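One-based numbering along the sequence shown. Numbering of ligands and ligand atoms starts at 1, following listing order. Only a predicted model underlies this, so the values are computations on that prediction, with no experimental measurement involved.
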Amino acid sequence: MDFVGSHILSVSQFDRHAIEEVFAVADQMEPYARRQRVTRVLEGAILGSMFFEPSTRTRVSFGSAFNLLGGEVRETTEVKASSLAKGESFYDTARVLSGYSDVIVMRHQQEGSVAEFADASRVPVLNGGDGSNEHPSQALLDLYTIRKELLSKNKTIDNLTIALIGDLRYGRAVHSLCKLLSLYNNVSFTLVSPPELTLPGDYVEDMRSRGHTVTLSSDMSGIGGADILYVTRTQEERFPDPSEAEKYKGLFRLNQTIYTEYCEPNTVIMHPLPRDSRANASELDIDLNDNPNLAIFRQTDNGVLIRMALFALILNVANQVDTHSRAVNWYTAKRF
Ligand code: CP
C-alpha cells in the first residue's frame, strides 16, 4: 500500500504488511505522545477536522496527534454550524475545505459520505466514521492494542479467540475490526448479541470463507474461553426508531461477577467507547475499573499513536520525525 497522499476510507485498503507499517511508525511516536520529546515535523501544516456527528475520542485524538507532530488544527463540528445546513453539497464543501487544509478528517452519519467527500477533495481524507459503515482508525488502534496486550501473554493475533458483545449490527468499529482480524490466521469469533443485532451476514460469510470460526451466542456464557472481550454500546442513534434501542440496552452487561464466572483471570476487556454508563444500559460496568485487564484507556492512548502514524505516512514525514525533534522543556508527569 502506498500511503503517501492516500485517502484512508476503509480497512479494506490494508493488508498485513500495511498494518505492520502503521504499527512500526506508531511505536516510533511513543516518546512524542508521552511528552518526552517534541517534534515540529508538520510545522505549518493544517488539519481540517470536520465532525458532523458527536465525538470525543476520535475528534480530539486526531487533533492532538496532528498537534503533536507540530501541525495546526481547524475544527468544524455539527452540520448546523456549517453550510451543509444551507444545502451545500459534499462536493462543494470538499472543494472549498481542501483549499484550506493539507489533510482532512471527517465524520458523518451517512454511510459512504466520507468517500463521496474524498472524491472531490484535493487533499487526503481520513474516515473518522461514516454511519454504520466503517471506522478505520478505531479498528487499527484496536488491533494495535490487541497485539500489545497479547504480546505480554506470549500470544499472537493468529489463533486469537475473541468474543464480540452487544450491538454488532450498527457498530461500525466492530465492522472494521472484523475485516482487519480476518486478514490473520485461524481466528475464533464468538458473536454475543440479540439475534436482531448480530453481525450483518456478509461479514460472517467473509470471515468463514477465510477459514475463521464464527459462533453465535445469545447469552453471556459465550464469552468463556476468549482471549479478548470486545464490548459495544447499543448504537441508539442508528436505529430507525431510537425508542426501539431501549429493548436491547442492558441485555448484555459485563461486570466483575460475570467476568469471574466465565473468564480466565487474564482475559483482556476492550470497548471502543463511549460506554453507556446510564443505569438502564451499563454494558461495561464501572466495577471493572480497577481490573488490570481492562484495556479501554490503553486503547484511547494508543489511538493517538496510530493517528500520528497515519498522518506521518500520508504526509510522507515518517522518516523525518526525529530530525525535527528536541526534548521537552516543561514539567511533565505523564504516565502510561
Ligand atoms: N470510539 C469513538 O469513535 O469514540 P468517539 O465517538 O468519542 O469519537
**Study point:** Whether Asp206 side chain and Arg210 backbone form a donor-acceptor pair below 3.5 Å
**Key:**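 Not a single qualifying donor-acceptor pair exists.
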Review point. So, does Arg275 use its side chain to make a donor-acceptor pair with the main chain of Arg233 at under 3.5 Å?
Key: no
Review point. Out of curiosity, Ile19 CD1 to Ile306 CD1, how far, rounded to the nearest 0.5 Å?
Key: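 The CD1 atom of Ile306 is 10.0 Å from CD1 of Ile19, to the nearest 0.5 Å.
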**Study point:** Atom pair CG/CZ of Leu126 and Arg107 - distance to nearest 0.5 Å
**Key:** 13.0 Å
Review point. Hey, does Pro272 come in under 3.5 Å of ligand 1, counting only N/O atoms on both sides?
Key: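 Looking only at distances, the answer is yes, because the N/O contact criterion of under 3.5 Å is met.
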Review point. For ligand 1, is there an N or O atom under 3.5 Å from any N or O atom of Thr58?
Key: yes
Point to revise | atom 4 (O) of ligand 1: the protein heavy-atom neighbour that sits closest, reported with distance to 0.1 Å | key: Arg57 NE, 3.0 Å
Practice item. Considering heavy atoms of the protein only, find what lies nearest to atom 6 (O) of ligand 1 and give residue, atom and distance to 0.1 Å. Key: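 It is Arg107 NH1, 2.9 Å.
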Identify, by atom number and element, the atoms of ligand 1 in contact range of [X], meaning under 4.0 Å from any of its heavy atoms.
{"X": "Leu273", "result": "1 (N), 2 (C), 4 (O)"}
{"X": "Gln138", "result": "1 (N), 2 (C)"}
{"X": "Thr56", "result": "5 (P), 7 (O), 8 (O)"}

Exercise for review: Would you confirm whether the ring centroid of His108 sits within less than 6.0 angstrom of the ring centroid of Phe90?
Suggested key: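 Ring-ring flag for Phe90/His108: true, centres closer than 6.0 Å.
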Check your understanding: Of Glu53, Arg172, His135, which has the heavy atom at the shortest distance from atom 3 (O) of ligand 1?
Key -> His135
Check your understanding: Should the pair Glu236-Lys249 be classified as a salt bridge under the 4.0 Å nitrogen-to-oxygen rule?
Key ->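 Salt bridge between Glu236 and Lys249, a charged N being under 4.0 Å from a carboxylate O: yes.
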